[in-house]
> 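I'd like to ask some things about the structure below.
Below, each value reflects all heavy atoms present in this structure, side chains not excepted, and no hydrogens, waters or symmetry copies. Every chain is numbered from 1 and lettered A, B, ... according to where its sequence line falls, protein lines coming before strand lines.
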Amino acid sequence: MYNFKEVEEKWQEKWDGDEHFKAIDFHPTKPKYYVLYEFYNVSGNLHMGHLKGTVPADALARMKRLQGYNVLFPIGGDAFGLPAENAALKTGINPKDFVAKGMKNVVNQSKKLGLSFDYDRTIATSDEDYYKWTQWIFLQLLKNEKAYKEKGIVNFCPNCKTVLSNEDSQDGICDRCHGKVVQEDRWVWYLKMKEYAEKLLENVDRIDMSENLKESQRNWIGKKEGYEIPFEIVDEEGNHLGVENIFTQEAYFLPGAAYLSMAPESRLIEKWMEKVANSDQVKEYKKQASFRSAMDRMTKTKDTTSCLVRGIYAINPFTKKRIPLIMTDSILATTGTEMGIPAYRQKHQEMADQYGILPQYITAPEFEGDAETSKKWQQEFTKQLIDSGLAKKSVSYKMQDWPFNRQRYWGEPFPVVFCPECGTVPLKEEDLPLTLPETNDYKPREDGSSPLSKITDWVNCKCPKCGHDAKRETDTMPNWAGSSWYWLRYCDPHNPNQLADPEKLKYWGSVDCYTGGTEHITRHVLYAFFWQNFLYEIGAVPTRDPFKRKMGSGLILDTEGKKMSKSSTNGVSPMEVIDKYGCDAARLHIHFLGGYEDNTAWTYNGINGITGFLNKVWDLQDIVQGEEISDKHAQALEELTKKVTSDIEALKLNTAIASCMGFVNQMKRDKYITKEELRRFLILLNPLAPHITSEIYEKTFGENILDAEWPKEDQKNQSVQMTNIVICVNNKKKFVVPCPKGLSKEQLLDYLALQDDINAFLSNLEAQNIYHVPDKMINIVTKKNVYEKK
RNA sequence: GCGGGUAUGGCGGAAUUGGCAGACGCGCUAGACUUAGGAUCUAGUGUCCCAGACGUGCAGGUUCAACUCCUGUUACCCGCACCA
């Protein structure tokens with residue numbers, strides 16, 4: 001009987017610090033392979049999702065090593081940011097200590113999952129010698145004008161001391177504490193991500209990833225092709241105030257534009273507020289609208305509100321008529337200004353009626369014509385508008401620039417000071433890292449400013465440019481910052497002089513397979529594309545693509561079909577499963593439940609099938625007979641090799657496990673397995689169930705399985721290969737006959753003619769047509785006109 | 001609303017990409033060994049009017065051949081609706 005506790009402990013101890021798992025920079029002979037699993041969140045224990053997400057990556061890394069690759073398979077922790085800080089606040093432990101402890105914990109748990117990471121390269125985003133380079137990247141962004149600071153209005157809850165989204169502050173009430181929300185002016189650091197929209201779309205096209213994930217990313221970027229039309233803005237007296245560009249996909253409606261509608265957040269109105277006749281009303285409207293969630297504004301269109309802005313107007317560039325401006329919460333801040341065409345849009349008409357705005361009709365007979373004529377006119381008229389300079393082709397993106405600061409303690413400090421003489425001044429690169437000062441008072445402040453602003457020793461500094469008294473930026477970077485480049489650092493994790501040695505970056509190249517959850521597919525992965533593009537353009541990294549392939553791990557659901565997480569009460573811990581059934585069993589069971597990208601409901605049901613299988617594998621030792629591969633098993637072994645190799649490559653562990661089960665069943669039926677058969681089988685199963693296979697291998701062959709070589713398909717070994725040919729008549733199966741492989745249609749028919757019973761059957765048929773699929777089937781069509789159509 | 005994905009036995013899920021539908025496992029049924037069985041072994045297990053026919057959400061189509069391709073349709077899941 002297999003004692004998993006003893007065996008697994010033995011091997012995990014052996015693997016701790018094992019050289020086999022270490023990636024070697026510039027290996028002289030082996031080709032490289034880079035498998036990446038996403039950062040651990042360092043705020044708790046590993047959960048079932050990690051068991052599902054990491055094991056296939058581990059299996060891939062283990063197989064690649066056996067195949068003779070120099071594998072880089074690292075792990076690290078996303079240690080900065082809210083999750084760690086909140087957990088620290090809750091437990092009262094300093095975030096730094098909390099993170100140090102947390103990292104140790106998740107690393108230990110990883111080892112209990114049998115994960116073969118190169119632990120020497122483990123990094124955490126809150127390590128000083130790591131975030132030094134996060135800060136360095138920010139300096140490059142600033143230097144290359146990809147970072148800027150701008151004022152914006154946010155919802156702020158004085159009680160919770162946090163900035164709230166509209167979602168969390170419906171009707172001006174904080175979602176968490178039900179206190180009143182206030183509107184605050186804030187400086188926001190933005191990164192010019194929008195500028196990279198096209199490049200990100202190219203990254204999306206190039207990466208090997210499932211279509212629905214690609215669509216998620218494309219939706220997020222939200223590219224729309226249309227036209228931009230500038231409208232002049234004037235005051236009551238007709239003085240020119242500026243120009244408002246509207247975006248539309250139907251430029252030909254321009255003559256019908258009877259008003260412009262804009263989001264309550266409109267910057268235009270904000271800018272010209274002193275010209276607005278009803279500014280009190282407008283300001284109040286803006287405030288009310290800001291408390292409605294975007295979801296609410298989009299879906300509950302019946303509740304749409306609006307406010308006519310008096311005192312400033314737009315000029316329709318085609319009709320030259322003065323038209324009013326309307327704020328409405330049916331338009332979202334990111335949508336931009338739209339033209340209202342009440343003559344042709346029901347919703348617009350309702351809006352116009354409210355304010356007594358007359359519809360403007362388009363006076364072109366073709367426009368009213370049949371669909372084809374109308375469409376032709378639309379195209380021609382749009383062209384005219386472009387030719388006359390009234391409209392121009394334009395592209396709009398939903399994705400906005402990336403707001404890059406948080407009023408929190410636990411994050412990367414910005415390497416920037418504010419000097420009354422020189423303005424915003426970046427620190428010198430040689431002065432990095434700008435370390436996060438230690439404090440016990442890291443709770444968010446009453447007024448929502450960063451806790452760092454209280455540490456006056458740290459805040460007050462000298463301007464690096466002129467030496468004048470200056471102040472540091474007291475906001476910190478978001479937790480997405482550190483995770484936007486970490487795969488690069490793994491290539492050279494301890495380099496004190498560069499974010500990574502360019503030669504090492506070149507050697508390891510793009511990540512061959514990036515695994516992890518799909519919840520980060522829009523944000524994290526797009527940030528990753530953004531930063532790598534930027535770093536590539538400034539020559540800091542040799543490739544534009546961070547990842548060649550991305551596999552999104554499905555979720556583990558609980559019995560009610562909800563996402564299983566550490567917070568859910570019925571969440572089962574992987575450690576609990578390992579304790580009861582063993583690590584190999586836990587690894588196999590969870591992946592036998594479903595494919596890598598599928599959501600799977602956790603259940604213990606069926607785990608006895610897995611432990612039964614492992615016991616059968618163990619018992620193979622009792623039926624070893626003979627040395628070389630036997631003729632009887634040659635083909636099964638050959639097929640298993642092919643199947644397992646391609647399945648692990650594709651991260652389809654469920655079918656790899658199934659075929660291993662099938663193979664073991666056959667060995668049991670035949671009551672023997674030869675030494676060489678067992679050797680190959682153990683190597684094939686090793687990436688999936690590393691402990692038991694290591695033990696049997698050592699016991700039987702006296703060697704470490706990690707030194708073994710992955711079996712290759714070996715045609716020479718087989719004298720004759722047989723295959724089952726299905727014989728159909730009119731597409732109905734009649735016989736299944738074992739035949740040699742590789743026969744042509746004629747050879748096959750000759751071969752069948754040698755078999756009396758089949759020959760007797762076939763010779764009675766009047767074949768009209770014979771279809772042959774090599775090595776698979778033959779279909780004899782006898783009847784005429786069976787499928788004849790009328 | 002827009003876009004993407006999925007739909008196969010009692011259950012989880014296979015199907016080499018157009019070629020034996022239901023691999024593998026659970027569960028279930030019967031039997032063996034047992035004081036016992038939540039252990040092990042053996043056999044069976046898509047449905048039905050069972051020498052046959054029908055079966056991959058539903059309705060059509062293409063093909064010698066369709067889970068697979070095309071058209072339409074329904075249900076569910078995911079993304080977008082500034083938590084960036």
> May I ask you to evaluate whether A:Lys192 reaches the phosphate of B:A84, defined as a side-chain N or O under 4.0 Å from OP1 or OP2?
no
> From B:A84, B:G12, B:G27, pick the nucleotide closest to the side chain of A:Asn608?
B:G27
> Just how far, in rounded Å, is P of B:A84 from CG of A:Asn405?
11 Å
> Between B:A84, B:C24, B:G3, spot the one nearest the side chain of A:Glu215, thanks.
B:G3
> Can you tell me how far P in B:C83 sits from the matching atom in B:G72, rounded to whole Å?
35 Å
> Taking only N and O in the side chain of A:Lys668, is any of them less than 4.0 Å away from OP1 or OP2 of B:C41?
yes
> Check every atom of B:G12, B:C64, B:A15 against the side chain of A:Asn779 and return the nucleotide holding the closest atom.
B:C64
> Rounded to the Å, how far apart are A:Arg218 CZ and B:A81 C1'?
20 Å
> Side-chain donor-acceptor pair under 3.5 Å between A:Gln747 and A:Ser744, yes or no?
yes
> Select base, sugar-phosphate, or nothing to describe what A:Arg669 touches, counting heavy atoms under 4.0 Å on all strands.
nothing
> Of all the choices, B:G79, B:G5, B:C20, which nucleotide is nearest to the side chain of A:Ser216 once you look at every atom?
B:G79
> Please determine, for the side chain of A:Trp220, which listed nucleotide (B:C80, B:C20, B:C64) has the closest atom?
B:C80
> Go through B:G5, B:U16, B:A84 for me and flag the one nearest to the A:Pro403 side chain.
B:A84
> Distance between the C1' atoms of B:U74 and B:A84, in whole angstroms?
36 Å
> Among B:G5, B:C24, B:C80, which is the nearest nucleotide to the side chain of A:Glu211?
B:G5
> Please determine whether a side-chain nitrogen or oxygen atom of A:Asn665 lies at a distance below 4.0 Å from atom OP1 or OP2 of B:G25.
yes
> Do A:Tyr190 and A:Gln400 have a side chain donor and acceptor closer than 3.5 Å?
no
> Atom CZ of A:Phe592 and atom C1' of B:C26: how far apart are they, to the nearest Å?
9 Å
> Measuring only the P atom in each nucleotide, how far is B:A43 from B:U56? A whole number of Å is fine.
31 Å
> Is it the case that more than 12 heavy atoms not belonging to A:Lys192 sit under 6.0 Å from its NZ atom?
yes
> Closer to the 5' end of RNA chain B via nearest nucleotide, is it A:Asp401 or A:Lys643?
A:Lys643
> Can you tell me how far C1' of B:G19 sits from NZ of A:Lys734, to the nearest Å?
17 Å
> Please give the distance between the P atoms of B:G10 and B:G22 as a whole number of Å.
16 Å
> Strictly by Watson-Crick or wobble contacts shorter than 3.5 Å, is anything paired with B:G55, and which nucleotide is it?
none
> Is there a Watson-Crick or G-U wobble partner for B:A81 with both distances under 3.5 Å, and which nucleotide is it?
none
> The side chain of A:Met661 lies closest to which of these nucleotides: B:G13, B:C20, B:C24?
B:C24
> Just confirming the chi classification of B:G9, syn or anti, using 90° around 0 as the syn window.
syn
> What is the separation between atom CG on A:Asn731 and atom C1' on B:C54, rounded to the nearest whole Å?
15 Å
> Mind checking who B:C64 pairs with, Watson-Crick or G-U wobble, both distances under 3.5 Å?
B:G19
> Under a 3.5 Å threshold, yes or no: a donor from one side chain and an acceptor from the other, between A:Thr600 and A:Asp598?
no
> Tell me which nucleotide, if any, is Watson-Crick or G-U wobble paired with B:G38 when both distances must be under 3.5 Å.
none
> Could you work out which one of B:C24, B:G5, B:A15 sits closest to the side chain of A:Asn212?
B:G5
> On a whole-Å scale, what distance lies between the P atoms belonging to B:A66 and B:A21?
10 Å
> Looking at A:Lys214, does any N or O in its side chain come under 4.0 Å of the phosphate oxygens OP1/OP2 on B:G4?
no
> Would you confirm whether A:His772, through its side chain, and A:Glu746, through its main-chain N or O, come within 3.5 Å as a donor-acceptor pair?
no
> Across the strands shown, which category fits A:Lys194 at heavy-atom distances under 4.0 angstrom: base, sugar-phosphate, nothing?
nothing
> Whole angstrom is fine here: how far is it from NZ in A:Lys398 over to C1' in B:C2?
12 Å
> Between B:C69 and B:U62, how far apart are the C1' atoms? Round to whole Å, please.
8 Å
> In whole angstrom, give me the gap between the P atoms of B:G60 and B:C48.
24 Å
> Spell out, as yes or no, whether a donor-acceptor pair under 3.5 Å connects the side chain of A:Asp775 to the backbone of A:Gly742.
yes
> Does either side chain, that of A:Asp401 or that of A:Tyr148, offer a donor lying less than 3.5 Å from an acceptor on the other one?
yes
> For this output row, return yes or no: ring centroids of A:Phe404 and A:Trp189 closer than 6.0 angstrom.
no
> Rounded to whole Å, please give me the gap between CD1 in A:Ile221 and C1' in B:A84.
13 Å
> Among the nucleotides B:G25, B:C64, B:G19, which one has an atom lying closest to any side-chain atom of A:Met777?
B:G19
> Would you mind pulling out the nucleotide paired to B:C24, Watson-Crick or G-U wobble, both distances under 3.5 Å?
B:G12
> Does the structure show a Watson-Crick or G-U wobble partner for B:U29, both distances under 3.5 Å? Name it, or say none.
B:A43
> Taking atom C1' in both B:C26 and B:A75, compute the distance separating them and give it to the nearest angstrom.
27 Å
> From NZ of A:Lys776 over to P of B:U16, roughly how many Å is that when rounded to an integer?
9 Å
> Counting just side-chain N and O atoms, does A:Asn730 come under 4.0 Å of either OP1 or OP2 of B:C64?
no
